[in-house]
Number of protein chains: 2
Amino acid sequence: MSPERDLYSGLIRLHILHHAVKEPIYGLGVMEELGRHGYKLSAGTLYPILHRMEKTGYLQSQTEREGKSSRRVYTATTAGKRALAKAKVKVKELFGELFEEE
Amino acid sequence: MSPERDLYSGLIRLHILHHAVKEPIYGLGVMEELGRHGYKLSAGTLYPILHRMEKTGYLQSQTEREGKSSRRVYTATTAGKRALAKAKVKVKELFGELFEEE
DNA sequence: ACTTCGATATCGAAATACGATATAGTTCAA
DNA sequence: TTGAACTATATCGTATTTCGATATCGAAGT
């Protein structure tokens, strides 16, 4: 529906990976965090993204039962950290190009 | 094949859009430029991207016949420039998060 | 009981990715 | 002057991804 999504899909994953490196994350929490950054995506989009990032090997999950109900909590794997480190170089390059002086 | 592609797909489009705003671009030229940034993508991936960005309304094209053979040359539309401006804000935000001090 | 809420999962049609393959004009050496 | 090498773009087919809609399930109100 939104044609801008194409431009942002990678950025969204990098946001997710970055947060997963810093601390454990979970689905709805990520949705809210992304919403704060102006990315509107539904649960039907986000959860499959997390599943795939786990299948790819960037994230690992475990079901947490903290008193209340259960949450599937994700943290970044070593491969995820490596992928983020590489991607940061790319983001830096893009940033440099986009905001360079004439 | 490369699972990192997921992380970069948006970055690639932003590179393309950025260049199309600065000057006219064409398929193989973009491929080489992206290659210089370490993005390896085949013609079968790139051309459909350009087609879609045109269909979306970010780019407009015309066939140029500069003496030699012909090239389909793309430039950014007003909508494309607007989309890039918006995306730049997002990239800046991501950059800030990824490279913030602790 | 019933609804709302937090949380996750899955379905299905449409769109996208990408290697492989096709097409076509130019150049240039044999 | 045939044909190999190169420039340039397009399309096909399988697999994957997107994303709204829908489903599930337990907590907590009321």
Atom-pair distance ([atom1] on [X]; [atom2] on [N]), nearest Å:
X	N	atom1	atom2	value
A:H51	C:dA7	NE2	P	15 Å
B:E32	D:dT7	CD	P	8 Å
A:L28	C:dC5	CG	P	13 Å
B:Y47	D:dC12	OH	P	17 Å
B:L59	D:dT9	CG	P	13 Å
B:R52	D:dA10	CZ	P	13 Å
B:R71	C:dA24	CZ	C1'	16 Å
A:Y74	C:dA7	OH	P	14 Å

If you only use heavy atoms from C-beta on, which nucleotide in [options] is closest to the side chain of [X]?
X	options	answer
A:R13	C:dT10, C:dA7, D:dT18	D:dT18
B:S42	C:dC18, D:dC19, D:dT18	C:dC18
A:Y26	C:dT8, D:dA8, D:dT11	C:dT8

Side-chain contact, heavy-atom cut-off 4.5 Å: B:T75 with B:I25?
no
Measure the shortest side-chain to side-chain distance between B:E97 and A:H37 over non-hydrogen atoms and say whether it is less than 4.5 angstrom.
yes
For D:dA27, which nucleotide in any strand shown is its Watson-Crick or wobble partner with both distances under 3.5 Å?
none
Could you tell me the Watson-Crick or G-U partner of D:dT11, where both distances fall under 3.5 Å? Say none if there is no partner.
C:dA20
Are any of A:T45's side-chain N or O atoms less than 4.0 Å away from OP1 or OP2 of D:dT18?
no
Looking at A:R72, I'd like to know whether one of its side-chain N or O atoms comes within less than 4.0 Å of OP1 or OP2 on C:dT8.
no
NA contact type, A:G27, heavy-atom cut-off 4.0 Å: base, sugar-phosphate, or nothing?
sugar-phosphate
Aromatic A:F95 / basic A:K90 pairing, under 6.0 angstrom, 45° off normal:
no
CZ of A:R13 to CG of A:L84: how many Å apart, nearest 0.5 Å?
14.0 Å
Check the orientation of B:Y8 and B:Y39. Use parallel for under 30°, tilted for 30 to 60°, and perpendicular for over 60°.
perpendicular
Earlier contact from the 5' end, DNA chain D, for A:A43 and A:S9:
A:S9
Would D:dA10 be called syn or anti here, given the cut-off of 90° from 0?
anti
